[in-house]
Amino acid sequence: MSLEGVAGVRVDLPHHLRLLAGADGREVEVEVRGSVTIDAVEERYPQLRGTIRDHGTKQRRAYLRFFAGGNDLSHEPQGVELPEVVASGTEPFYVMGAISGG
């Protein structure tokens, strides 16, 4: 979603990423100009680079899941714009640690 002004995007991070980002609450807010993509989170919180996506390939990490607007966005292509409900600040972009085990 491209916006002419600045969008206040809410991002809900798992505990370990909140600690890295130095966030006070469960959500962080990221101001975005232009296209609302995951790039804005890493630009605002550079300490998260390499934790959400691989440094070199920019592929999303396997043990993180991404949700917005009731949809699983974990397998969306790199650079895809986030849904309108995220870009407008209505709903947060959820980054969740995957649960696995046997």
Side-chain angles (χ1 to χ4, degrees):
M1 145 128 245
S2 294
L3 299 177
E4 301 222 350
V6 176
V9 175
R10 298 166 32 217
V11 182
D12 185 299
L13 295 170
H15 181 72
H16 67 289
L17 294 182
R18 285 195 307 266
L19 290 177
L20 281 174
D24 293 330
R26 183 172 179 89
E27 291 181 1
V28 296
E29 187 164 319
V30 179
E31 289 187 1
V32 179
R33 293 184 188 278
S35 294
V36 178
T37 66
I38 194 70
D39 294 332
V41 177
E42 292 179 331
E43 288 172 17
R44 170 62 181 89
Y45 296 96
Q47 60 272 41
L48 295 179
R49 289 184 185 144
T51 62
I52 295 174
R53 299 183 301 177
D54 181 85
H55 277 291
T57 65
K58 299 290 186 192
Q59 295 297 313
R60 296 174 183 200
R61 293 285 179 191
Y63 290 101
L64 287 178
R65 305 293 291 189
F66 305 93
F67 297 89
N71 296 310
D72 184 349
L73 305 177
S74 302
H75 300 291
E76 292 292 319
Q78 176 185 342
V80 71
E81 293 181 359
L82 298 177
E84 167 65 28
V85 293
V86 172
S88 68
T90 304
E91 290 187 22
F93 176 62
Y94 294 96
V95 179
M96 302 176 137
I99 298 172
S100 62

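Residues: numbered from 1 along the sequence shown. These numbers come from the heavy atoms of this one structure, side chains and all, not from hydrogens, waters or symmetry mates.
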[X], [Y]: one ILVMFWY side-chain cluster at the under-4.5 Å cut-off?
X   : Y   : value
F67 : L13 : no
Y94 : V32 : no
I52 : V11 : yes
M96 : L73 : no
L19 : Y45 : no

- Query: Does F66 have any ring-ring contact (aromatic ring centres under 6.0 Å, His included) partners at least two apart in sequence or in another chain, and if so, which?
  - Reply: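 With sequence neighbours excluded, F66 shows a ring-ring contact (aromatic ring centres under 6.0 Å, His included) to F93, given in chain and number order.
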- Query: Does Q47 reach the main-chain N or O of A21 with its side chain, forming a donor-acceptor pair under 3.5 Å?
  - Reply: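 At least one qualifying donor-acceptor pair exists.
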- Message: Looking at E31 and R44, is there a salt bridge between them, counting it only when a charged N and a carboxylate O are closer than 4.0 Å?
- Response: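 The answer is no: the pair does not qualify as a salt bridge.
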- Query: Is any NZ, NE, NH1 or NH2 atom of the basic residue among D54 and R49 found under 4.0 Å from an Asp or Glu carboxylate oxygen of the other?
  - Reply: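 No salt bridge links D54 with R49.
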- Measure the shortest side-chain to side-chain distance between V9 and P92 over non-hydrogen atoms and say whether it is less than 4.5 angstrom.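 No, too far: nothing below the 4.5 Å cut-off.
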- Compare all side-chain heavy atoms of V80 with those of T37 and state whether any distance is below 4.5 angstrom.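 They are not in contact (no side-chain heavy atoms under 4.5 Å apart), so the answer is no.
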- Message: Run E42 and R53 through salt bridge (charged side-chain N to carboxylate O under 4.0 Å, His left out) and show every step you take.
- Response: CA-CA 9 Å; E42 292 179 331; R53 299 183 301 177; 2.4 Å; yes
- Go through L17 and L64 one step at a time and tell me if the side-chain contact (heavy atoms from CB on, under 4.5 Å) criterion holds. CA-CA 11 Å; L17 294 182; L64 287 178; 4.3 Å; yes
- Message: Go through it in stages, so that I can follow the logic: the residues are E27 and R10, the test is salt bridge (charged side-chain N to carboxylate O under 4.0 Å, His left out), and I'd like the CA-CA distance, side-chain angles, deciding distance and then a yes or no.
- Response: CA-CA 6 Å; E27 291 181 1; R10 298 166 32 217; 2.9 Å; yes
- Task: State which residues pass side chain to side chain contact (heavy atoms under 4.5 Å, CB included) with H16; sequence neighbours excluded, sorted by chain then number.
- Result: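 Side chain to side chain contact (heavy atoms under 4.5 Å, CB included) check on H16 returns P14.
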- Could you state the interatomic distance from NE2 (H75) to CZ (R60), rounded to the nearest 0.5 Å?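 If I round to the nearest 0.5 Å, the distance is 10.0 Å.
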- Task: Could you pull out all residues at least two apart from S74 that satisfy side-chain hydrogen bond (donor to acceptor under 3.5 Å, both in side chains)?
- Result: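 Scan of S74 (side-chain hydrogen bond (donor to acceptor under 3.5 Å, both in side chains), adjacent residues dropped) gives R65, D72.
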